[in-house]
Amino acid sequence: MSRATHTVDVLVVGAGPAGLTVAHELALAGVRATVVDRLPVANRHSKGLGLQPRTVEVLDMRALLDAVLVDAVARIPDGHFAGLPVPLTYDRWESAHPYHLIYPQNLLEQLLESELARRGVRVLRSHELVGLTQDDDGATAIVATPDGEVAFRTRYVIGCDGHDSAVRRLGGFGFPGTSTDFSGVVADVVLRAAPAEVLTRPRRTADLLGEERGDRRNVAYPLVPLPNGRYRVVWAEYGGAVEAARPVTEQEVRAAVVQRYGDEVDIAEVEWASRLSDAAHLVDHYRLGHVFVVGDAAHIHIPAGGQGLNVGVQDAMNLGWKLAAAVLGRAPAALLDTYHTERRSIGARVLENTRVQAYLTHPAAEFDALRRTFVTLLGMREVNDRFAGMLSGLDVRYEIPGEPEHRVLGARMPDLALDRGTLFGRLRGARGLLVADAAYGDCAAPWADRVEVARGDLSRWGATGVLVRPDGHVCWVAPDHDDSPGHAKRLDAALRTWFGAPGR
Ligand SMILES: Cc1cc2nc3c(=O)[nH]c(=O)nc-3n(C[C@H](O)[C@H](O)[C@H](O)COP(=O)(O)OP(=O)(O)OC[C@H]3O[C@@H](n4cnc5c(N)ncnc54)[C@H](O)[C@@H]3O)c2cc1C
C-alpha cells in the first residue's frame with residue numbers, strides 16, 4: 001500500500017515542554033512547524049513541578065509569565081543543592097525574577113499548545129514516529145497514525161520525544177551513560193483528611209526538603225499542593241535494585257505517607273504514580289545532519305534540583321531561533337552547529353551535578369562527612385552564588401568570540417529599562433536587539449528586519465552597547481572603558497555571524 005507523503009520544513013517529534021517550546025520559537029519567527037505526538041490527548045498529569053529562575057525569565061521574555069503566575073502554586077525565593085540545609089540565594093545574578101515557581105509541567109504544556117494554536121500550529125496527536133532516514137537534502141520520517149503510516153519529507157527533524165527517544169535511536173545518536181543506586185516515586189493523591197500544617201503551601205525551599213525514614217535507605221519529601229486540589233507525594237530509595245518498569249502500587253504510596261506523617265494524613269485516592277529512573281545519559285552529538293535532539297531526548301538524569309524540564313526549555317530556546325533563520329534562508333553556514341557546541345556542555349554539567357547530588361542525598365552514614373563538607377562550602381558567599389547560578393540556569397555563558405574578558409559576553413542579559421519599554425519586553429517577538437547609542441545603531445540598519453535597536457543605560461554592566469540574540473544571550477559588547485573604532489567592526493562581524501548577510 002502506498003503511503004501519503006507530506007513535505008514540511010520542520011518536523012517536531014514530541015509535544016512535551018521541549019518540543020512545544022521549539023515550535024513556539026519557530027512560530028514567533030513566522031515558521032510553522034509540524035508537531036507530532038504519539039499520545040492521543042495532552043498530558044493530564046505532571047512529571048516536573050518546578051520552573052527555575054531562568055525559565056521564569058524566558059517566560060517573561062515571551063509574554064507568557066502572567067498566565068503562568070495565575071496557576072503557580074508557590075513562588076520560592078531560594079534554592080537548594082542536594083537538599084542540604086543551606087539556602088541558595090539568587091541575588092548575585094541580577095534577575096528580575098529571583099525565585100522559582102511551583103507550577104505543573106502539564107499546565108506549561110497546555111499554555112504553549114494554546115499559544116501555538118493561536119499562531120496556526122496544531123499538535124497532531126496519535127502520531128508516532130516509527131522510521132527515520134536522512135540524505136544530503138533532508139530527512140524522511142515515517143509516522144504511524146490512526147489512518148495508517150504517513151511519510152514526512154522535511155528539511156529538519158527535531159527529536160523532542162523524551163527519555164526513550166525514537167529520533168535518537170533511529171537517527172544513530174550515541175547515548176552513553178551510567179546508573180546510580182537511586183530510585184524514586186512520584187504520586188498524585190486526593191486527601192480525605194490531613195492536619196492544616198501539612199496542607200500549607202511551601203514558602204521557602206526548607207519547606208520542601210526530604211526527611212530520612214527509619215532504615216536510612218529512604219528519603220520522604222513533604223506533600224506538595226497542586227492547583228487542582230491534589231497533593232504530590234515523593235520519595236527516594238537508595239541501595240536496592242531499581243525496578244523502573246514495576247508499576248507503583250497504592251499500598252506503597254499509602255505506606256510512604258504513613259511513614260512521613262503517621263495516621264493523620266488519610267488518602268482517599270491515588271490518581272497517578274510514576275517511578276523515577278536512576279539513569280544518567282548524554283547524547284554524543286546534539287545534531288547529526290538534518291536531525292537534532294532536544295530536552296530529555298538529549299540528556300537524562302535523576303530529577304535532583306528540578307532541572308530536567310528547565311534544561312530542555314533552554315535547549316529549545318537556543319535552537320529555535322537558529323532553526324528559524326535556517327528555514328528562512330538567512331542562517332550563516334555554521335549557525336546551526338552552535339546548538340551542539342553551546343548546549344552539550346550544559347547537558348554534561350547537569351549530569352555531573354545531579355550525580356553529585358545523588359551521593360549527597362544518599363542517607364547512608366558514610367556520606368555524612370561529604371555532606372558536612374558541602375554544608376561548609378555552600379555557606380561561603382562565592383560558592384553559594386555559583387551553585388545558585390548553576391541550578392537556576394542564570395549563570396549559563398556561551399563561548400562567543402569578541403571581548404572574552406567582558407563579563408556579559410555570552411551571558412544572558414538581565415532585564416533593564418530601555419528608552420521604550422524593557423529589554424525583556426523588546427525580546428517578545430524573538431528578534432535580536434541592539435542596545436547602544438546612535439553610532440552603533442546605524443551599523444545595524446541593514447539588519448532592521450531581524451534586529452531591533454534601543455537605547456538604555458548599560459553602565460551597571462560596564463558596557464556602552466550590547467547585541468542580544470533572540471534567546472537573550474549577549475553576542476557583542478562595547479566595553480565602557482574603551483571607545484576604539486574596532487568595536488563597530490566587531491559589531492558588524494557579530495551581526496553577520498549571528499543574523500546572516502545584511503538585507504538591502
Ligand atoms: C516522575 C518524574 C518527575 C519529574 N520531576 C521533575 C521536576 O520536578 N523538575 C524538573 O525540571 N524535571 C522533572 N522531571 C523531568 C522532566 O519531567 C523532563 O525533563 C521533561 O518532561 C522533559 O521534557 P521533554 O519535552 O524533553 O520530554 P517529555 O516531557 O518526555 O515529552 C516527550 C513527548 O514525546 C512524545 N513521544 C515520545 N516518543 C514519541 C514518538 N516515537 N513519536 C511521537 N511522539 C513521541 C511523548 O508522548 C511526550 O509527549 C521529572 C520526570 C519524571 C519522570
Side-chain angles (χ1 to χ4, degrees), residues 11-24 34-52 54-55 73 76 79 100-106 108-110 112-113 123-132 141-145 150 152 157-171 183-188 208 221 224 226 232-236 244 248 272-279 283 292-316 319 347 350 354 391-393:
L11 180 70
V12 174
V13 183
L20 293 168
T21 305
V22 174
H24 187 244
T34 299
V35 186
V36 295
D37 197 292
R38 69 181 172 193
L39 290 179
V41 291
N43 274 320
R44 279 196 318 115
H45 298 288
S46 178
K47 295 190 285 185
L49 267 194
L51 301 183
Q52 294 283 359
R54 180 55 181 161
T55 308
V73 172
I76 309 286
H100 60 98
L101 291 175
I102 300 195
Y103 179 75
Q105 173 174 335
N106 65 321
L108 180 65
E109 291 166 3
Q110 270 171 33
L112 287 166
E113 195 171 338
V123 175
L124 303 176
R125 300 214 166 262
S126 300
H127 277 52
E128 177 170 6
L129 179 105
V130 292
L132 179 63
I142 308 300
V143 174
T145 79
V150 174
F152 286 91
V157 173
I158 317 302
C160 305
D161 47 346
H163 65 282
D164 64 349
S165 166
V167 172
R168 187 179 67 224
R169 185 169 26 87
L170 298 167
S183 64
V185 170
V186 298
D188 292 349
L208 294 163
Y221 293 85
V224 181
L226 302 173
R232 167 70 48 101
V233 180
V234 186
W235 76 88
V248 181
W272 172 80
S274 171
R275 285 191 198 279
L276 298 169
S277 156
D278 66 334
V283 274
F292 296 75
V293 281
V294 182
D296 277 17
H299 39 73
I300 55 169
H301 49 81
I302 65 166
Q307 299 172 84
L309 179 167
N310 293 274
V311 177
V313 168
Q314 305 308 330
D315 290 345
L319 179 60
V350 175
T354 49
L391 274 281
S392 62

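Keep in mind that the numbers below use all heavy atoms, side chains included, and drop hydrogens, waters and symmetry copies. Remember, it's 1-based here, ligands and their atoms both numbered in the order they're listed.
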In a table with atom names and distances, give each donor-acceptor pair under 3.5 Å that connects a side chain of residues 123-130 to protein atoms at least two apart or in another chain.
from	atom 1	to	atom 2	distance (Å)
R125	NH2	E113	OE1	2.8
H127	ND1	R125	O	2.8

Residue pairs involving residues 36-51 (criterion side-chain hydrogen bond (donor to acceptor under 3.5 Å, both in side chains); sequence neighbours excluded): N43-E109
Run the numbers for me: atoms of ligand 1, each under 4.0 Å from some heavy atom of [X], listed by number.
X: L39; answer: 47 (O)
X: L276; answer: 1 (C), 2 (C), 3 (C), 52 (C)
X: V186; answer: 1 (C)
X: L49; answer: 7 (C), 8 (O)
X: Q105; answer: 16 (C), 17 (O), 20 (C), 21 (O), 29 (O)
X: A18; answer: 24 (P), 25 (O), 26 (O)

Selected option - heavy-atom contact closest to atom 43 (C) of ligand 1, from R168, H301, R38: R38
Which residue and non-hydrogen atom of the protein lie closest to atom 28 (P) of ligand 1, and at what distance in Å?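 Checking every protein heavy atom, the shortest distance to atom 28 (P) of ligand 1 gives K47 NZ, 3.8 Å.
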Might you point out which heavy atoms bring P17 and V313 nearest each other, and give the distance in Å?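 Nearest heavy atoms, P17 then V313: CB-CG2, 4.2 Å.
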If you take all heavy atoms of V35 and A15, which pair is closest and at what distance?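 Heavy-atom minimum between the residues: CG1-CB, 4.2 Å.
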So, 4.0 Å and heavy atoms of P17: is ligand 1 close enough to count as a contact? yes
